[in-house]
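Heads up, the thing below is written out as structure tokens.
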Amino acid sequence: MFSTKEQLIKKTGKHGIGRLSFLEQLVNEYKTTKSRDHKEQVLANLANFAYDPVNYEFLRRLKVLELFMITLDDSNPRLVEFAIGGICNISVEPYSREYILRNHGVRLISNLLSRSEEHIVISALTTLLYLEAKQSKKEIASPTNVKQIQKFANEALENLKIGNRVSIQRTVTENDVLGFAKLTNDYNPIHINSTRNIVHGAFLNGLLSGILGTKLPGPGTVVVEQIIRYPKPCYVGDTVEISVEITSAMMYSSTFFVLLLISIAHALDDNSITESSSSTTVTTETPVSSSTTEAPIIACTCGVFLSGQFKKGSKEQPKGNAALLHDQSDTFPCSNVGNKMCTNKCLDVIVKHLPNSPSILCGSIDRDCHKERAYLFIKNCKDEWINTNLSAGREYCCKDGLPYKCPLLS
């Protein structure tokens, strides 16, 4: 994300592929449109563009940060969500951080901590973390803010109750050990060429990772520290039982820290039980998953659908094929943060094609369309489309695979 200005110019072109004019168009549309939906779409677009350092200078010239801050008091919670999201994205930039601090931004953002919308509170917490400095620390850590943060933490931790436990059993086969040896290039004879082949310790830890990432705490979990002991060996043919239990949980800012007690027990030929254990600290931004089935993880996928293919506000999947489809090689966490990362990755690809979007879209669909808008959908982890509510900010008209200028009046 962070690069030198020279590298960014080389990557995107001297004028950022028309970004200034496009951003200016979005700002003007936000200020002039009377449509609630269009306002939400435009502000969501601006918030996502605030993630890219290439746009920082353009956003300052267009006073987008000022627009974000004014919108924090809006009665529309969707606009507030996008506004604080944009501020959170751009607050890592020194000039923007200074502007926020000088214009009572800490007070405005702190007021959001008492909101009922989780996304808004998390974005506000993260922004305050970015804004922490010598001159702002006292205001950020005020008794009122601390009380609100503790209240939010207590409510969030209800989903990670101490004592929650998950166990799985697995019989380790020779093919498991040989496959792991091939994957890691660990052909130590004690694993593959001994009287009783010993299972790789890292293989057992991999089984543990499967529980942490899919069952307890669940999708979005990131292990930050782990201490492992192997008191006795596990042999090929042993049946392994891996148990994970939450022993304590804390929350700092928008991150949960969970201490887990993990045991790995396996049966030997004489039916005795040996056990190895580990203490693991993980972070997670999602609640505990109670599902016991494991679905394949879908990499980040970008899809552009026209407004005629779905019903706005509905949870139903869009109809037909995407007008544009792009498979990313990246995988992201199965959480709201991961969805946002996937969205930003898709925007990096799509923005390059905006100047030629009418020809591309009309040439891609198998029907005519009249005054339809293009929306970005993503897939992340699950094989289902998620509507980002991001639109190109214009209408498209196509006939026989070619674009034509949409009339002002239908």
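Only this structure's heavy atoms are used, side chains among them; waters, hydrogens and symmetry mates stay out.
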By salt bridge (charged side-chain N to carboxylate O under 4.0 Å, His left out), Arg107 pairs with (sequence neighbours left out) none

Non-neighbouring partners of Glu117 that pass salt bridge (charged side-chain N to carboxylate O under 4.0 Å, His left out), sequence neighbours left out: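 Listed in chain order: Arg115.
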
Rounded to the nearest 0.5 Å, how far does [atom2] of [Y] lie from [atom1] of [X]?
X	Y	atom1	atom2	answer
Leu108	Asp73	CG	CG	6.0 Å
Leu65	Ile90	CG	CD1	5.5 Å
Met69	Tyr99	CE	OH	6.0 Å
Asn45	Glu40	CG	CD	12.0 Å
Leu43	Tyr30	CG	OH	5.0 Å
Leu59	Glu93	CG	CD	9.5 Å

With distance as the sole criterion, is a donor-acceptor pair present between the side chains of [X] and [Y] under 3.5 Å?
X	Y	value
Tyr375	Gln309	no
Lys340	Asn380	no
Asp74	Thr71	no
Asn197	Glu174	no
Thr239	Arg170	no

Atom of [X], atom of [Y] and distance for their closest heavy-atom approach:
X	Y	result
Ile192	Val177	CG2-CG1, 4.4 Å
Leu72	Val80	O-CG2, 3.8 Å
Ser136	Leu131	OG-O, 2.8 Å
Leu113	Ala124	CD2-CB, 4.0 Å
Thr388	Leu376	OG1-O, 2.6 Å
Lys379	Glu384	CG-O, 3.5 Å

Kindly indicate, with the supporting measurements, whether the criterion side-chain hydrogen bond (donor to acceptor under 3.5 Å, both in side chains) is fulfilled by Ser243 and Arg165. CA-CA 7 Å; Ser243 300; Arg165 181 183 176 90; 3.1 Å; yes

Is there a side-chain contact (heavy atoms from CB on, under 4.5 Å) between Ile100 and Ser91 once you walk through the steps? CA-CA 8 Å; Ile100 295 170; Ser91 61; 4.0 Å; yes

Without swapping roles, check the side chain of [X] against the backbone of [Y] for a donor-acceptor pair under 3.5 Å.
X	Y	result
Asp238	Val240	no
Asp176	Thr173	yes
Asn48	Ala44	yes
Ser123	Ile120	no
Asn76	Arg78	yes
Glu372	Gly308	yes
His191	Ile198	yes

Before you tell me yes or no, could you show the steps for Leu26 and Phe49 under side-chain contact (heavy atoms from CB on, under 4.5 Å), namely the whole-Å CA-CA distance, both residues' side-chain angles and the distance that decides it to 0.1 Å? CA-CA 11 Å; Leu26 289 177; Phe49 278 112; 4.0 Å; yes

Kindly indicate whether the side chain of [X], heavy atoms from C-beta on, has any atom under 4.5 Å from the side chain of [Y].
X	Y	value
Leu325	Val304	no
Val64	Tyr56	no
Gln41	Arg373	yes
Gln135	Leu101	yes
Cys300	Ile378	no
Phe58	Glu24	no
Thr33	Val42	no
Ser364	Leu324	yes

For atom [atom1] of [X], is the number of surrounding heavy atoms from other residues, nucleotides or ligands below 6.0 Å larger than 12?
X	atom1	value
Asn321	CG	no
Glu316	CD	no
Lys315	NZ	no

May I ask you to establish whether Lys319 and Phe310 are in a cation-pi arrangement, using a distance under 6.0 Å from NZ or CZ to the six-membered ring centre and at most 45° from the ring axis?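 Because its charged atom misses either the 6.0 Å distance or the 45° angle limit, Lys319 does not stack over Phe310.
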
Can you pull out every ring-ring contact (aromatic ring centres under 6.0 Å, His included) where at least one residue sits in residues 67-96? Sequence neighbours excluded, please.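 Output for this query is empty, none listed.
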
Which pairs pass ring-ring contact (aromatic ring centres under 6.0 Å, His included) with one or both residues in residues 111-149, sequence neighbours excluded?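 Of all non-adjacent pairs touching residues 111-149, none passes ring-ring contact (aromatic ring centres under 6.0 Å, His included).
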
Just jot down the ring pair (Phe, Tyr, Trp, His ring centres under 6.0 Å) partners of Phe305, sequence neighbours excluded, or say none. Phe377, Trp385

Donor-acceptor contacts, no H, no angles, side chain residues 392-407, under 3.5 Å, sequence neighbours left out:
residue: Tyr396; atom: OH; partner: Ser357; partner atom: OG; Å: 3.0
residue: Tyr404; atom: OH; partner: His370; partner atom: ND1; Å: 3.3

